[in-house]
*Asks:* 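Starting off with a structure, shown below.
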Amino acid sequence: MPEEFGTAIARRLAGLPDASRDFAEVVAVSGRALAVREARQLVGEPGGSGRGGPLAAALGSGLVIVADRTVMPRHDLVREAVLAAMPDRTVRTLHRRFAEHHPGAGQALPAAPRARAAATRGDVAGALILITAAEQPATAGPQDAGDLAVLAFRTMLPEQTERLDVGRRCLSLL
């Protein structure tokens with residue numbers, strides 16, 4: 001991507017009000033079209049018409065568009081430029097939010113890539129998503145299950161009480 005394009009997108013993103021920037025960032029991290037309702041939930045904005053407020057400002061920026069009640073990046077290059085302009089911590093936080101958006105053991109496998117992208121030392125919730133996904137029969141294969149289990153264990157800190165349980169679950173998989 002040309003440097004000038006990335007700079008222009010970063011400037012446009014930085015010029016948005018915080019809540020509108022949140023919409024653009026959520027859409028970029030999602031990697032897919034989101035239902036407007038889902039995007040509002042992930043941003044923490046109450047539902048309502050898209051006629052005003054943060055979503056309208058995000059639309060006005062040209063970074064995102066709405067079609068058929070879904071919000072998506074204007075173009076994949078725009079999505080990449082928004083991601084490049086975001087601090088790593090924000091990207092990890094949003095991946096964690098997406099992972100937690102899929103509650104329950106039956107949803108651990110779809111949440112695993114998000115939990116993997118968000119993994120940081122001491123993240124118990126992320127480790128539990130990862131080990132639960134590794135235990136799913138639908139996991140792509142033994143290597144994938146093993147990788148998820150190892151990452152889950154490495155995420156835990158020695159002093160965390162959940163570490164023993166996660167460790168046992170990892171050993172049973174490996």
Side-chain angles (χ1 to χ4, degrees), residues 1 6 9-10 13 18-19 21-47 63-64 69-73 76-174:
M1 148 183 15
I9 295 297
L13 185 65
D18 289 348
R21 185 173 45 250
D22 290 347
F23 267 104
E25 291 174 345
V26 161
V27 170
V29 171
S30 76
R32 62 179 173 84
L34 292 170
V36 171
R37 185 187 84 256
E38 184 180 9
R40 287 184 190 280
Q41 289 173 340
L42 288 162
V43 170
E45 179 191 274
L63 298 175
V64 299
R69 297 184 184 162
T70 62
V71 62
M72 64 196 84
D76 201 43
L77 285 175
V78 172
R79 184 183 78 78
E80 290 175 21
V82 169
L83 283 171
M86 294 170 61
D88 289 340
R89 183 177 183 167
T90 302
V91 174
R92 277 194 311 275
T93 297
L94 288 175
H95 276 297
R96 180 172 293 110
R97 196 176 298 164
F98 274 100
E100 292 168 352
H101 189 64
H102 298 282
Q107 294 296 312
L109 198 54
R114 302 296 186 163
R116 182 184 299 219
T120 57
R121 294 279 293 156
D123 178 15
V124 174
L128 293 174
I129 290 169
L130 291 167
I131 191 61
T132 302
E135 294 167 337
Q136 300 289 310
T139 301
Q143 180 67 41
D144 292 328
D147 290 347
L148 289 172
V150 168
L151 180 57
F153 187 72
R154 285 185 178 159
T155 300
M156 303 297 298
L157 296 173
E159 62 272 11
Q160 291 175 306
T161 58
E162 299 89 345
R163 186 173 193 230
L164 181 60
D165 178 54
V166 170
R168 286 182 178 145
R169 290 169 70 182
C170 289
L171 284 173
S172 73
L173 280 168
L174 298 174

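Numbers here simply count residues along the sequence, with the first being 1.
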*Asks:* Pair up each side-chain donor or acceptor in residues 161-168 with any protein partner under 3.5 Å, not counting sequence neighbours, and list the distances.
*Replies:*
none

*Asks:* Can you list the residues that meet the side-chain hydrogen bond (donor to acceptor under 3.5 Å, both in side chains) rule with Q143, with sequence neighbours excluded?
*Replies:*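 side-chain hydrogen bond (donor to acceptor under 3.5 Å, both in side chains) list for Q143, sorted by chain: D147.
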
*Asks:* Which residues pass the salt bridge (charged side-chain N to carboxylate O under 4.0 Å, His left out) test with R116, sequence neighbours left out?
*Replies:*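 In terms of salt bridge (charged side-chain N to carboxylate O under 4.0 Å, His left out), with neighbours along the sequence ignored, R116 is linked to no residue.
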
*Asks:* If I take atom CG from residue L83 and atom CG from residue L13, how far apart are they, to the nearest 0.5 angstrom?
*Replies:*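 If we round to the nearest 0.5 Å, L83:CG and L13:CG are 10.0 Å apart.
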
*Asks:* List the atom of G6, the atom of A81, and the distance in Å for their closest heavy-atom pair.
*Replies:*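 Residues G6 and A81, closest heavy atoms: CA-CB, 4.3 Å.
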
*Asks:* Side chains of F98 and L34: closer than 4.5 Å at any heavy-atom pair?
*Replies:*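 Heavy-atom side-chain distance check passes, below 4.5 Å.
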
*Asks:* Show me the donor-acceptor pairs within less than 3.5 Å that the side chains of residues 89-96 make with the rest of the protein, sequence neighbours left out.
*Replies:*
unit_1	atom_1	unit_2	atom_2	d
T93	OG1	R89	O	2.9
H95	ND1	R114	NH1	3.3
R96	NE	D123	OD2	3.3
R96	NH2	A118	O	2.9
R96	NH2	T120	OG1	3.4
R96	NH2	D123	OD2	3.2

*Asks:* Can you tell me how far apart CZ (F153) and CD1 (I131) are? Round to the nearest 0.5 Å.
*Replies:*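 Between atom CZ of F153 and atom CD1 of I131 there are 10.5 Å.
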
*Asks:* So which heavy atom on A134 is nearest to which on A145, and how close?
*Replies:*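 A134 and A145 have their closest heavy atoms at CB-O, 3.4 Å.
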
*Asks:* Show the nearest heavy-atom pair for residues A99 and A115, with the distance to one decimal.
*Replies:*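 Nearest heavy atoms, A99 then A115: CB-N, 3.8 Å.
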
*Asks:* How far does OG of S30 sit from CE of M72, to the nearest 0.5 angstrom?
*Replies:*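 If I round to the nearest 0.5 Å, the distance is 10.0 Å.
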
*Asks:* Go through the structure and list residues passing side-chain hydrogen bond (donor to acceptor under 3.5 Å, both in side chains) with D88, not counting sequence neighbours.
*Replies:*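 Counting only residues at least two positions away or on another chain, D88 forms no side-chain hydrogen bond (donor to acceptor under 3.5 Å, both in side chains).
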
*Asks:* My understanding is that only residues two or more places apart in sequence, or in another chain, count here; which of them pass side-chain hydrogen bond (donor to acceptor under 3.5 Å, both in side chains) with R169?
*Replies:*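 R169: side-chain hydrogen bond (donor to acceptor under 3.5 Å, both in side chains) contacts with T132, E135.
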
*Asks:* Of all heavy-atom pairs between A28 and V82, which one has the smallest distance, and what is that distance?
*Replies:*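 Smallest interatomic distance, heavy atoms only, reads CB-CG1, 3.6 Å.
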
*Asks:* Would you confirm whether R121, through its side chain, and R154, through its main-chain N or O, come within 3.5 Å as a donor-acceptor pair?
*Replies:*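 Such a contact is found between R121 side chain and R154 backbone.
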
*Asks:* Do E80 and I9 come within less than 4.5 Å of each other through their side chains, counting heavy atoms only?
*Replies:*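 Not touching, per the 4.5 Å side-chain cut-off.
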
*Asks:* Nearest heavy-atom pair of A39 and V71: which atoms, and what distance?
*Replies:*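 Nearest pair, atom of A39 first, then V71: CB-CG1, 3.7 Å.
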
*Asks:* Compare every heavy atom of L63 with every heavy atom of A24, then report the nearest pair and how far apart it is.
*Replies:*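 Scanning both residues completely, I find the closest heavy atoms to be CB-CD1, 4.2 Å.
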
*Asks:* Taking only Lys NZ, Arg NE, NH1 and NH2, and the carboxylate oxygens of Asp or Glu, determine whether R32 and E38 approach each other closer than 4.0 Å.
*Replies:*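 Salt bridge between R32 and E38, a charged N being under 4.0 Å from a carboxylate O: yes.
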
*Asks:* Taking atom CE of M156 and atom CG of L128, what is their separation to the nearest 0.5 Å?
*Replies:*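 The CG atom of L128 is 6.5 Å from CE of M156, to the nearest 0.5 Å.
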
